[in-house]
Amino acid sequence: MNLDKKYNPKQVEENIYNFWIKEDYFSSHPTPNKKSFCIVIPPPNITGILHMGHALNNTIQDVLVRFKRMQGYASLWMPGTDHAGIATQNVVERSLSNRGLRKEDIGREEFLKLLWEWTHKYGSTIIEQLKKLGASCDWKRARFTMDEEYSEVVKEVFVRLYEKGLIYRGKYIINWCPRCKTALSDEEAPYKEIDGRLYYIKYPVKKSPSKITQEYVVVATTRPETMLGDTALAFNPKDTRYKWRKDAKVILPIIGRELRVIEDEAVDPDFGTGLVKVTPAHDPLDFTLAKKYNLEFVNIMNEDATLNENAKEFSGMDRFKARKNILQTLKDEGLFDKEEPHKISAGHCYRCGTLIEPRLSTQWFVRMKPLAEPAIKVVEEDKIKFYPSRWKKVYLNWMYNIQDWCISRQIWWGHRLPVYYCKRCQNNLSEDTLSDTQGIIVSKTRPPECPVCGSKDLVQDEDVLDTWFSSWLWPFAVFYWPKQTPELDYFYPTSCLVTASEILFFWVARMIMASLEFTEEIPFKDVIIHGTVRDEKGFKMSKSLGNIIDPLEIIEKFGADSLRFSLMMLASTGADVYLSDEKFLVGRNFSNKIWNASRFILTRIEEENIVIRDLEIKDNLDLVDKWLIYHLNQTVEEVTKYLGIYKINEAVKKMYEFFWHIFCDWYIEISKDNFNLHKAKMLVFCLIHFLKLIHPVMPFISEHIFQLIKSMTELDLEKSIMVANWPKKVELVLKDEELEIMDSAIRMVREIRNLKADLGIPFSEKLTVTVKVSERCKDFVSVSKKWIMRLASLKELELKDNLERVLFKNKDLEFNLSLSSFDREKFVVRLNKKISDLEMHLKSISKRLENISFIKNAPQEKVEEQREKFTDLSNHLQRLKYLKDIFV
RNA sequence: GGGCACAUAGCUCAGUUGGUUAGAGCGCUACGCUCACAUCGUAGAGGUCGCCCGUUCGAAUCGGGCUGUGCCCACCA
């Protein structure tokens with residue numbers, strides 16, 4: 001077989017993936033005699049395209065799922081997508097506007113039709129990209145958060161919560177874009193700093209029977225136009241400047257309304273004058289104050305942020321024009337004090353950039369405190385664990401201070417609220433009724449008539465639910481809860497959840513609450529939180545910053561395995577990942593190393609006409625074999641351990657170290673001198689073990705080489721490495737002494753290389769070495785002569801009982817080098833440095849040994865250790881000094 | 001303002017219950033195309049473990065303080 005010098009992932013990855021699909025290896029079913037392992041994917045938005053964050057998140061999941069599958073679990077990775085309300089609606093709205101249309105022009109029904117068309121056409125783009133990454137999801141089970149059955153679950157949950165009194169309707173300040181005329185979530189209204197001004201305005205004080213003498217008070221505001229909606233002033237109770245004002249009345253300029261003056265901790269005495277205007281209908285904080293103190297709400301704006309009739313003569317004006325005019329009027333009336341520049345950070349519409357207007361409107365809320373309680377308990381009691389554990393505190397801190405959740409959205413794409421209004425009943429209500437239930441029917445299906453008055457004049461709420469209101473049900477809704485399906489029974493609660501820290505609150509915390517509330521179970525046992533993907537400078541990768549590295553491009557260039565390996569190597573648990581194009585070379589180089597090592601083994605087997613029928617190796621292990629098996633065992637043990645505690649990067653480093661620096665650097669090199677059936681078996685045996693270990697991280701190349709081994713040997717191997725068993729430690733009888741002997745030999749090779757470099761002798765210059773070995777080492781060195789000579793580039797290796805001089809010495813070996821010429825100066829410099837280093841070290845040890853407290857207090861073994869070290873190093877120092885004497 | 005972290009080689013990070021001359025990978029330097037691999041090999045340089053105090057025979061490791069950085073939440077009238 002002719003194998004390329006370079007590994008070419010592009011040629012093999014797609015075929016391998018198709019092979020896995022064809023064999024149905026990703027499918028998982030409830031299997032009574034197996035333990036279950038299940039991860040539900042954080043459903044990507046249907047509008048999403050694969051970015052590095054996805055690549056990181058999903059690689060971690062795939063690693064775990066593949067690892068557990070090989071360990072014999074019924075391992076299910078449950079895939080799906082999220083309908084992503086606003087994001088998707090925006091995409092379709094944009095294409096509409098390209099045709100010069102707004103969604104209102106075509107109507108709700110028609111617009112939804114377009115949305116579904118878009119979803120069917122593009123909604124699975126990201127799924128296809130995940131396949132390129134190698135994701136072993138059980139695709140047949142894929143769910144979508146707008147599936148018909150899923151919608152049923154959402155409605156069911158809404159109704160249950162409503163009936164329990166945990167969902168209510170109320171007026172609240174929300175982010176409002178006056179241009180788009182829609183409400184926005186906080187995430188959709190990112191804060192931006194703008195240059196504003198702080199205006200100081202005089203409010204006249206109403207003369208009253210008390211001893212108030214001042215004419216006016218000064219209030220600072222950045223938004224003077226909203227003053228028309230003021231219904232109170234407030235100051236901090238600790239602020240003595242205004243103490244006397246309590247219960248005083250102030251007159252609102254222009255309007256002439258009488259304002260109460262209240263005290264509240266929420267007011268910052270250091271801001272402005274310490275006296276703040278309270279505008280309940282136009283500011284979130286003022287809104288809460290108004291609720292607390294029972295203040296009046298005066299709305300002065302229309303949907304498009306022009307002022308309404310409450311603004312008297314300013315009615316009809318745009319908010320910015322009104323600001324100017326109001327300021328002018330105040331100046332005219334002598335009520336304007338001063339203004340100064342002031343940085344304001346305020347929400348801006350993420351679509352059009354318009355400054356957000358906080359707007360009072362009726363919304364639906366979930367009462368969170370009762371839901372949070374059990375969700376706090378399970379985390380406090382470690383029934384759900386976070387990795388890294390520090391997130392536990394963050395989670396708890398947030399949960400202790402949880403706020404009610406606004407779940408209604410004024411958009412069209414999403415789960416419509418299962419809420420119906422009886423028009424007749426509602427006509428009897430006043431508009432300001434905040435939490436009345438009258439005239440409201442909450443029902444999964446449209447009721448035929450009002451249960452109260454029998455009217456058939458019912459209308460469904462126009463709003464849809466926040467996307468997270470469907471996502472928070474994900475871990476059990478995907479298994480068709482509330483039906484008791486076998487899958488729900490077997491795979492739920494799931495094993496772990498892998499996610500970025502950004503959505504800990506939006507999603508993870510809410511899933512825990514929903515699961516406990518509806519299924520009375522935790523949704524998952526472990527929460528694995530990985531970091532954010534950043535560029536080299538530490539900026540978050542984002543399209544707008546233009547610093548993204550496209551994972552698909554990396555796959556195209558280096559292959560999915562290289563991408564996966566690099567990410568796993570770089571991402572230490574929970575830490576942010578700093579990426580640049582070069583970072584992916586680690587993976588590419590390692591792929592190539594695996595490829596070439598395998599290529600060597602397989603071609604040599606072919607060249608030597610070796611036929612491998614089994615991998616029985618135990619009976620005739622030589623010392624080098626044992627040494628390799630020993631390290632293999634260590635690797636198996638550590639990799640298994642680290643993957644089990646989600647320290648993937650530690651596992652990856654161990655595999656890298658073993659394969660490159662044990663297997664390739666030494667074992668393969670040594671095997672070249674004596675490439676027989678036994679060595680071939682050893683090589684293939686260890687290679688297969690390694691491939692299995694690396695398979696979760698590098699599924700494609702491991703499968704590819706596994707298949708090559710199958711085709712080039714007569715081994716009876718599994719059809720795919722995917723379904724092979726996870727490696728176990730090999731039974732091995734090995735004395736510590738044997739390990740030491742091998743290490744001594746390696747040490748000798750290294751020392752010779754070292755000396756050559758120190759003496760300025762080219763490595764290729766073949767020298768003669770005379771060596772004196774310990775009794776226990778004799779046999780080994782004589783059989784190992786060939787490889788020692790080759791790896792140290794020697795002409796001859798002579799075993800002697802006495803040496804003329806000793807250049808190196810350890811427990812087992814001492815040797816001398818025949819030298820003709822060398823770079824004396826270079827050598828002396830090196831030697832002197834080594835000598836002074838050693839002397840320093842010896843000094844610190846002798847200091848320790850002379851310390852009576854140390855001898856007295858430290859454990860005996862530690863003292864002994866130091867003494868031994870001292871002797872060793874002294875000997876070493878002597879030898880170096882001796883070297884100096886003879887060479888200088 | 002509240003909370004949570006982090007601070008070790010130029011960069012990214014390891015460093016297990018306190019006992020090393022503080023490690024790895026990348027990068028860098030020198031030499032080398034040694035018959036799997038130059039996407040390679042060999043060797044090397046590079047750190048007073050942010051600062052200060054304390055506990056201890058002994059601190060990168062434990063405690064306190066300081067400085068700096070990052071993240072989350074709230075607020076910005």
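In the text below, chain A, chain B and the rest are named by the order of the sequence lines, each starting its count at 1.
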Participant: Using the C1' atom on both, measure B:G41 against B:A9 and round to a whole Å.
Facilitator: 24 Å
Participant: Would you say the rings of A:Phe584 and A:Phe558 are close, in the sense that their centroids are separated by under 6.0 Å?
Facilitator: no
Participant: With a 6.0 Å cut-off on the ring centroids, do A:Trp391 and A:Phe386 count as close?
Facilitator: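 Between A:Phe386 and A:Trp391, which both carry aromatic rings, the centre distance is not below 6.0 Å.
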Participant: State the dot-bracket string of RNA chain B. Criteria: Watson-Crick or G-U wobble, both atom distances under 3.5 angstrom; notation: ( ) intrastrand, [ ] crossing earlier pairs, | interstrand, . unpaired.
Facilitator: (((((((..((((.....[...)))).(((((.......))))).....(((((..]....))))))))))))....
Participant: Expressed in angstrom and rounded to an integer, what is the separation of A:Glu865 atom CD from B:G18 atom P?
Facilitator: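 Those two atoms, CD and P, are 16 Å apart.
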Participant: Rounding to an integer number of Å, can you tell me how far A:Ile529 CD1 sits from B:C72 C1'?
Facilitator: 11 Å
Participant: Which part of the nucleic acid, if any, lies within reach of A:Ala234 when heavy atoms closer than 4.0 Å are counted: base, sugar-phosphate only, or nothing?
Facilitator: nothing
Participant: Atom CD1 of A:Ile262 to atom C1' of B:A77: distance rounded to whole Å?
Facilitator: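 Nearest whole value for this atom pair: 12 Å.
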Participant: Any non-hydrogen side-chain atom of A:Glu225 less than 4.5 Å from a side-chain atom of A:Leu327?
Facilitator: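 A:Glu225 does not reach A:Leu327 side chain to side chain.
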Participant: Pick base, sugar-phosphate or nothing for A:Arg848, based on heavy-atom distances below 4.0 Å to the nucleic acid.
Facilitator: sugar-phosphate
Participant: Mind checking A:Val276 for me? I need base, sugar-phosphate or nothing, with any heavy atom below 4.0 Å counting as a touch.
Facilitator: base
Participant: Considering only B:A77, B:C4, B:A14, which nucleotide approaches the side chain of A:Glu650 most closely?
Facilitator: B:A14
Participant: Taking the P atom of each, how far is B:C26 from B:C72, in whole Å?
Facilitator: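 One P to the other, the span is 32 Å.
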Participant: Counting only heavy atoms not in A:Lys385 (residues, nucleotides, ligands), do more than 12 fall under 6.0 Å from its NZ?
Facilitator: no
Participant: Which value, in whole Å, describes the distance between the P atoms of nucleotides B:A45 and B:G10?
Facilitator: 15 Å
Participant: For residues 274-287 of chain A, run the donor-acceptor check on the side chains, cut-off 3.5 Å, and write out each pair with its distance to 0.1 Å, sequence neighbours left out.
Facilitator:
unit_1, atom_1, unit_2, atom_2, d
A:Lys277, NZ, A:Thr226, OG1, 2.7
A:Lys277, NZ, A:Asp230, OD1, 3.1
A:Lys277, NZ, A:Thr279, OG1, 2.8
A:Thr279, OG1, A:Asp230, OD1, 2.7
A:His282, NE2, A:Asn299, OD1, 3.3
A:His282, NE2, A:Ile300, N, 3.0
A:Asp283, OD1, A:Leu285, N, 2.9
A:Asp283, OD1, A:Asp286, N, 3.0
A:Asp286, OD2, A:Thr279, N, 2.7

Participant: Determine the contact category for A:Lys869: base if any of its heavy atoms lies under 4.0 Å from a base atom, sugar-phosphate if only primed atoms, P, OP1 or OP2 are that close, otherwise nothing.
Facilitator: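 Contact class for A:Lys869: sugar-phosphate only.
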Participant: Expressed as a whole number of Å, how far does the C1' atom of B:C52 sit from that of B:G19?
Facilitator: 25 Å
Participant: Nearest to the side chain of A:Val394 - B:A77, B:C4, B:C57?
Facilitator: B:C4
Participant: With rounding to whole Å, what would you report as the distance between B:A14 and B:A7 at their C1' atoms?
Facilitator: 15 Å
Participant: Ring centres of A:Trp595 and A:His704 under 6.0 Å apart?
Facilitator: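 Centroid distance A:Trp595-A:His704: below 6.0 Å, so yes.
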Participant: Measure the distance from CD on A:Glu861 to C1' on B:U20 and round it to the nearest whole Å.
Facilitator: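 Rounded to the whole Å, the gap is 16 Å.
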Participant: Take a 6.0 Å sphere around OH of A:Tyr667 and say whether it holds more than 12 heavy atoms from other residues, nucleotides or ligands.
Facilitator: yes
Participant: What nucleic acid atoms does A:Tyr578 come within less than 4.0 Å of, heavy atoms only: base, sugar-phosphate, or nothing?
Facilitator: sugar-phosphate
Participant: Which listed nucleotide (B:G3, B:G19, B:A14) is nearest to the side chain of A:Lys862?
Facilitator: B:G19
Participant: In whole Å, what separates the C1' atom of B:A74 from that of B:G1?
Facilitator: 8 Å
Participant: Return the 5'-most residue of the pair A:Leu570, A:Val219 with respect to RNA chain B, ranking by each residue's nearest nucleotide.
Facilitator: A:Leu570
Participant: Find the distance A:Asp337:CG to B:A77:P and express it as a whole number of Å.
Facilitator: 19 Å
Participant: Determine, for nucleotides 36-48 of chain B in 5'-to-3' order, which nucleotides have protein heavy atoms under 4.0 Å from the base (write B), from only the sugar-phosphate (write S), or from neither (write -).
Facilitator: BBSBSSSSS----
Participant: For A:Phe590 and A:Tyr656, I'd like to know if the aromatic rings sit close, meaning centre-to-centre distance below 6.0 Å.
Facilitator: yes
Participant: How far does OG1 of A:Thr273 sit from NZ of A:Lys202, to the nearest 0.5 angstrom?
Facilitator: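 Rounded to the nearest 0.5 Å, the OG1-NZ separation comes out at 13.0 Å.
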Participant: How far does the P atom of B:C33 sit from the matching atom of B:U42, given to the nearest Å?
Facilitator: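 Their P atoms lie roughly 15 Å apart.
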Participant: Please measure how far the C1' atom in B:U55 lies from the corresponding atom in B:U12, and state the result in whole Å.
Facilitator: 34 Å
Participant: Does atom NZ (A:Lys6) have a neighbourhood of more than 12 heavy atoms from anything else shown, all under 6.0 Å?
Facilitator: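 No, not enclosed.
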Participant: Between B:A77 and A:Thr222, is there an OP1 or OP2 to side-chain N/O distance shorter than 4.0 Å?
Facilitator: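 Indeed, a polar side-chain atom of A:Thr222 lies that close.
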